[in-house]
Amino acid sequence: VSHSQITRLYSRFTSLDKGENGTLSREDFQRIPELAINPLGDRIINAFFSEGEDQVNFRGFMRTLAHFRPIEDNEKSKDQNGPEPLTSRSNKLHFAFRLYDLDKDDKISRDELLQVLRMMVGVNISDEQLGSIADRTIQEADQDGDSAISFAEFVKVLEKVDVEQKMSIRFLH
């Protein structure tokens, strides 16, 4: 991330910081129109906050936003021995998985899938239809027969999806 990009993000961070205390609250995030209308907005907002925390500083803000940064071609060939970038396919998939794994037990259950589906479609689809979608999704993804989707199963389902680009926000350009 270049110096000018950090400067722009810091400017955005301070404009969101209504309390002017160097941190953002959940309420600050809820004022962002794109998150307010996103059915998974609350789940995305929660991702910015560590367990038990109700404020996020600029470093935490940048760290979470990094998951949404597109992978640049020159980054794909970086040092293989260094730490994996937050923009990597694996880290993006972990982030997405956590949006579904509401109880943090490393599995997506039928109930969790139903809750997320309900958030996404609202009342436009009946509970019966949502249940059918959840059942079919788990049936197709579940390889070990535990009626839930593990992270490995989640990755397998998405192996042909261009997650690096689909899960990107071009917020630095």
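Values reported hereafter were calculated over all heavy atoms of this structure, with side chains retained and with hydrogens, waters and symmetry mates removed.
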Return a table of donor-acceptor pairs under 3.5 angstrom between the side chains of residues 130-137 and protein atoms on other chains or two or more places apart.
unit_1: Asp135; atom_1: OD1; unit_2: Arg110; atom_2: NE; d: 2.4
unit_1: Thr137; atom_1: OG1; unit_2: Ile133; atom_2: O; d: 2.7

Can you tell me how far [atom2] of [Y] sits from [atom1] of [X], rounded to the nearest 0.5 angstrom?
X      : Y      : atom1 : atom2 : result
Ser150 : Asp105 : OG    : CG    : 11.0 Å
Leu24  : Asp54  : CG    : CG    : 12.0 Å
Leu65  : Leu9   : CG    : CG    : 6.0 Å
Leu99  : Ile108 : CG    : CD1   : 9.5 Å
Glu53  : Asn57  : CD    : CG    : 9.5 Å
Met119 : Leu40  : CE    : CG    : 6.5 Å

Using the test side chain to side chain contact (heavy atoms under 4.5 Å, CB included), find all partners of [X] that sit at least two apart in sequence or belong to another chain.
X      : result
Ser126 : Glu128, Gln129
Tyr10  : Phe13, Thr14, Phe58
Asp144 : Lys107, Asp142, Asp146, Glu153

Nearest atoms (heavy-atom pairs only) where [X] meets [Y]:
X      : Y      : answer
Ser90  : Phe151 : O-CZ, 4.2 Å
Val56  : Phe48  : CG2-O, 3.4 Å
Leu158 : Arg89  : O-NH2, 2.6 Å
Ser109 : Ala148 : CA-CB, 4.3 Å

Inset, instruction - Flag the pair Phe49 / Phe29 as yes when their ring centroid distance falls below 6.0 Å, and as no otherwise. - result: yes

Set of side chain to side chain donor-acceptor pair (under 3.5 Å) partners for [X], sequence neighbours left out:
X     : answer
Ser4  : Ser2
Gln55 : Thr23
Lys18 : none

Legend entry - Sub-4.5 Å side-chain heavy-atom contact between Glu112 and Ile149: no

Name all pairs fulfilling the salt bridge (Lys or Arg N to Asp or Glu O under 4.0 Å) condition that reach into [range], sequence neighbours left out, sorted by first residue then second.
range            : value
residues 38-52   : Glu51-Lys104
residues 115-124 : Arg118-Asp127
residues 19-40   : Asp28-Arg31

Legend entry - Main-chain N/O of Thr7 paired with Ser11 side-chain donor or acceptor, under 3.5 Å: no

Inset, instruction - Would you confirm whether Asp17, through its side chain, and Asn21, through its main-chain N or O, come within 3.5 Å as a donor-acceptor pair? - result: yes

Inset, instruction - Assess whether side chain to side chain contact (heavy atoms under 4.5 Å, CB included) is satisfied between Val157 and Glu140, documenting all intermediate values. - result: CA-CA 8 Å; Val157 167; Glu140 289 175 17; over 6 Å; no

Inset, instruction - Would you check, one step at a time, whether the test side chain to side chain contact (heavy atoms under 4.5 Å, CB included) holds for Arg8 with Arg12? - result: CA-CA 6 Å; Arg8 280 197 305 252; Arg12 178 71 169 139; over 6 Å; no

Inset, instruction - Among residues two or more places apart or on two chains, list those pairs meeting ring-ring contact (aromatic ring centres under 6.0 Å, His included) that have a residue in residues 109-133. - result: none

Inset, instruction - Any pair with a residue in residues 102-128 that passes ring-ring contact (aromatic ring centres under 6.0 Å, His included), sequence neighbours left out, goes on the list, sorted by first then second residue, please. - result: none

Inset, instruction - Take Thr64 and Phe95 through the side chain to side chain contact (heavy atoms under 4.5 Å, CB included) test and state the conclusion after the steps. - result: CA-CA 9 Å; Thr64 301; Phe95 185 88; 3.9 Å; yes

Legend entry - Check against side chain to side chain contact (heavy atoms under 4.5 Å, CB included), Ile45 and Leu35: CA-CA 8 Å; Ile45 291 168; Leu35 285 176; 3.8 Å; yes

